[in-house]
Amino acid sequence: MTAMHSADELRQLQVLAAQLQAGHWRAAHDGVQRYPGLLAAWLHGIVHLQEGDLEDAENWYERAGKRFRQRESLALELEKLQAAIAQAIAERIAADV
């Protein structure tokens, strides 16, 4: 589903993930709502995890195709998400060449 995003959109998801990592979960939440797709849903779930809204976090993890109960720590989830976004950017750039 990441193929639907342009490299620029994926970079915006990177920025939002960085905002969340910096503790700005409200800004990350406001921003991620504009994006469809599995990576955005995963980020949305992590945002709700950060704010302590486990019910919504579980819902967004499900939308992302992730198992909420098998998640890692918040820091590791963000690390994995950022790696997945970076890979999607590389794949998108390679596909556009």
One pair to check against side chain to side chain contact (heavy atoms under 4.5 Å, CB included): R63 and N59. What are the steps and the verdict? CA-CA 6 Å; R63 290 181 189 198; N59 175 44; 3.5 Å; yes
Do W60 and W42 pass the side chain to side chain contact (heavy atoms under 4.5 Å, CB included) test, and can you show the C-alpha distance, the side-chain angles, and the key distance before you say yes or no? CA-CA 6 Å; W60 283 103; W42 189 10; over 6 Å; no
Rounded to the nearest 0.5 Å, what separates atom CD1 in I85 from atom CD in E9? 12.5 Å
Worked verdict on K66 versus R71 for side chain to side chain contact (heavy atoms under 4.5 Å, CB included): CA-CA 8 Å; K66 301 285 181 187; R71 71 188 183 282; over 6 Å; no
Rounding to 0.5 Å, atoms CD (E79) and CD (E72) come to a distance of 10.0 Å
Quick one: CG on D8 to CG on L13, what's the gap to the nearest 0.5 Å? 11.5 Å
Over all atoms of both residues, closest heavy-atom pair of P36 and A40: O-CB, 3.5 Å
I'd like to know whether CD of Q33 has more than 12 heavy-atom contacts from other residues, nucleotides or ligands below 6.0 angstrom. yes
Answer yes if V32 and V15 sit in the same cluster of Ile, Leu, Val, Met, Phe, Trp and Tyr residues linked by side chain heavy atoms under 4.5 Å apart, and no otherwise. no
Heavy-atom distance under 4.5 Å between the side chains of L16 and Y35, does that happen here? yes
To the nearest 0.5 Å, atom NE2 of H44 lies from atom CG of L39 at 14.5 Å
Residues R67 and E62 bridged, charged N to O under 4.0 Å: no
Any chance you could measure D53, atom CG, to E58, atom CD, to the nearest 0.5 Å? 11.0 Å
Check: Y61/E77 side-chain N/O donor and acceptor closer than 3.5 Å: yes
Evaluate side chain to side chain contact (heavy atoms under 4.5 Å, CB included) for L54 paired with H48, printing each intermediate quantity in order. CA-CA 7 Å; L54 299 183; H48 283 287; over 6 Å; no
In the structure I gave you, are the side-chain heavy atoms of V47 and Q50 within less than 4.5 Å of one another anywhere? no
Which heavy-atom pair separates I89 from Q14 by the least distance, and what is that distance? CD1-OE1, 3.3 Å
Enter the distance from E91:CD to D96:CG here, rounded to the nearest 0.5 Å. 12.0 Å
Between Q19 and W25, a side-chain donor and acceptor under 3.5 Å: no
